[in-house]
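Working notes for the structure below.
Here the structure is a predicted model, which means the values were calculated and not measured. FYI, side chains are in, hydrogens and waters are out, and symmetry mates aren't considered; it's all heavy atoms of this structure.
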Amino acid sequence: MAEANWYVVHTYSGYENKVKADVEKTIENRNLHEEILEVRVPMQDVVEMKNGARKTVQKKMFPGYVLINMVMNDDTWYVVRNTRGVTGFVGPGSKPVPLTEAEMKPLGIKTENVSIDFAEGDTIVVVAGAWKDTVGAVQRIDYGKQTATINVELFGRETPVEIGFEEVRKM
């Protein structure tokens, strides 16, 4: 069986959630659970000021786009492409291009889970990347994005830095 990849689908603005619901309904009706694995409308928390009060609301990261994890074949392409509200796949001409691992990481979508042997409060050392050989205490762990936020000393101040799981090890 072919490998599933994440694809970006362009929709009419404001139709993202409707397209998501329609594709999920089609998956149920046509029993495509093995071929179309997941449909997402990426959201992010945004702090807004309304009447002098801070309010956190969820907004679409990419208005007009929906992400679909699927095995690309003629049947799945047809189902998604002919869903009401979909204008097409993102890619040159009519050929959809899957997202790369690097493009998915900032979205909090990870194809493989990295197991970690540290927890919040532990001291770790960075073994790769721009912060290599830096020692810091883990402040927060984000399993969705596969990152840890550590405090490092920078110019005499404690500064939070986000590091990928594969770049650190426990001391």
Side-chain angles (χ1 to χ4, degrees), residues 4-28 36-70 72 79-81 83-92 96-116 118-122 124 126 128-131 134 136-168:
N5 290 304
W6 284 95
Y7 294 90
V8 181
V9 176
H10 189 261
T11 68
Y12 294 129
S13 186
Y15 277 68
E16 300 89 352
N17 292 329
K18 177 85 171 104
V19 166
K20 179 181 188 288
D22 287 351
V23 170
E24 287 172 343
K25 192 185 302 176
T26 304
I27 292 169
E28 289 291 322
I36 302 176
L37 307 174
E38 190 177 351
V39 183
R40 279 196 189 176
V41 179
M43 304 293 270
Q44 65 184 351
D45 289 331
V46 178
V47 177
E48 290 182 343
M49 294 292 286
K50 271 203 173 159
N51 301 329
R54 293 172 60 99
K55 184 179 177 185
T56 304
V57 295
Q58 288 231 312
K59 295 223 174 189
K60 293 180 183 90
M61 247 188 227
F62 308 109
Y65 295 95
V66 173
L67 301 178
I68 301 180
N69 188 10
M70 61 188 263
M72 183 58 69
V79 164
V80 174
R81 181 65 185 87
T83 300
R84 184 174 306 194
V86 171
T87 59
F89 282 92
V90 172
V97 177
L99 291 174
T100 65
E101 188 79 27
E103 291 169 329
M104 292 185 322
K105 195 170 183 179
L107 303 176
I109 301 170
K110 191 84 167 128
T111 54
E112 62 182 58
N113 287 329
V114 177
S115 63
I116 57 173
F118 57 87
E120 291 181 14
D122 287 351
I124 59 172
V126 181
W131 295 96
T134 304
V138 178
Q139 300 302 308
R140 195 181 64 194
I141 296 175
D142 186 338
Y143 290 98
K145 288 171 62 179
Q146 301 271 304
T147 60
T149 302
I150 63 171
N151 271 355
V152 297
E153 191 170 317
L154 187 64
F155 304 120
R157 291 183 160 174
E158 289 283 311
T159 306
V161 176
E162 194 173 75
I163 305 291
F165 284 170
E166 60 278 344
E167 298 176 20
V168 297

* **Within the 6.0 Å centroid threshold, strictly below: F89 and H10** => no
* Please identify each residue that fulfils ring pair (Phe, Tyr, Trp, His ring centres under 6.0 Å) with Y7, with sequence neighbours left out. =>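 Partners of Y7 under the ring pair (Phe, Tyr, Trp, His ring centres under 6.0 Å) test: none.
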* Structure fact -> Residue set satisfying ring pair (Phe, Tyr, Trp, His ring centres under 6.0 Å) with F62, at least two apart, ordered chain then number -> none
Taking the side chain as C-beta and beyond, is there a heavy-atom pair between [X] and [Y] under 4.5 Å?
| X | Y | result |
| --- | --- | --- |
| V86 | Y15 | no |
| P96 | M72 | yes |
| E158 | Q139 | no |

* To do: Tell me, with the steps shown, if M49 and R54 meet side chain to side chain contact (heavy atoms under 4.5 Å, CB included).
  => CA-CA 5 Å; M49 294 292 286; R54 293 172 60 99; 3.2 Å; yes
* To do: Could you please spell out the steps behind the side chain to side chain contact (heavy atoms under 4.5 Å, CB included) verdict for L99 and L67?
  => CA-CA 9 Å; L99 291 174; L67 301 178; 4.0 Å; yes
* To do: In sequence, state the C-alpha distance, the side-chain angles, and the governing distance for V90 and V9, and then conclude on side chain to side chain contact (heavy atoms under 4.5 Å, CB included).
  => CA-CA 6 Å; V90 172; V9 176; over 6 Å; no
* Evaluate the side chain to side chain contact (heavy atoms under 4.5 Å, CB included) criterion for residues M61 and R40: first the C-alpha distance (whole Å), next the side-chain angles of each, then the deciding distance (0.1 Å), finally the verdict. => CA-CA 11 Å; M61 247 188 227; R40 279 196 189 176; over 6 Å; no
Output all residues satisfying salt bridge (Lys or Arg N to Asp or Glu O under 4.0 Å) with [X], sequence neighbours left out; order by chain, then residue number.
| X | answer |
| --- | --- |
| E28 | none |
| K55 | none |
| E153 | none |

Give the minimum heavy-atom separation between [X] and [Y], together with the two atoms involved.
| X | Y | answer |
| --- | --- | --- |
| T83 | V19 | CG2-O, 4.3 Å |
| V97 | G91 | CG2-CA, 3.9 Å |
| A119 | V138 | O-CB, 3.6 Å |

Can you tell me how far apart [atom1] ([X]) and [atom2] ([Y]) are? Round to the nearest 0.5 Å.
| X | Y | atom1 | atom2 | result |
| --- | --- | --- | --- | --- |
| I36 | T26 | CD1 | OG1 | 7.5 Å |
| N17 | M43 | CG | CE | 6.5 Å |
| M70 | W6 | CE | CH2 | 11.5 Å |
| I27 | L37 | CD1 | CG | 8.0 Å |

* With sequence neighbours left out, what residues match V152 under side-chain contact (heavy atoms from CB on, under 4.5 Å)? -> W131, T134, I150, V161
* Structure fact -> side-chain contact (heavy atoms from CB on, under 4.5 Å) filter on T149, not counting sequence neighbours, yields R140, P160, E162
Kindly write out the residues that satisfy side chain to side chain donor-acceptor pair (under 3.5 Å) with [X], not counting sequence neighbours, or none if the list is empty.
| X | value |
| --- | --- |
| Q58 | D45 |
| T56 | none |
| K50 | none |
| E103 | T100 |

* Indicate yes or no for a side-chain donor-acceptor contact from R81 to the backbone of T87 under 3.5 Å, with no hydrogens or angles considered. =>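 Here the side-chain-to-backbone pair exists.
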* What residue pairs, at least two apart or across chains, pass salt bridge (Lys or Arg N to Asp or Glu O under 4.0 Å) with a residue in residues 9-20? -> E16-K60, K18-D22, K20-E24
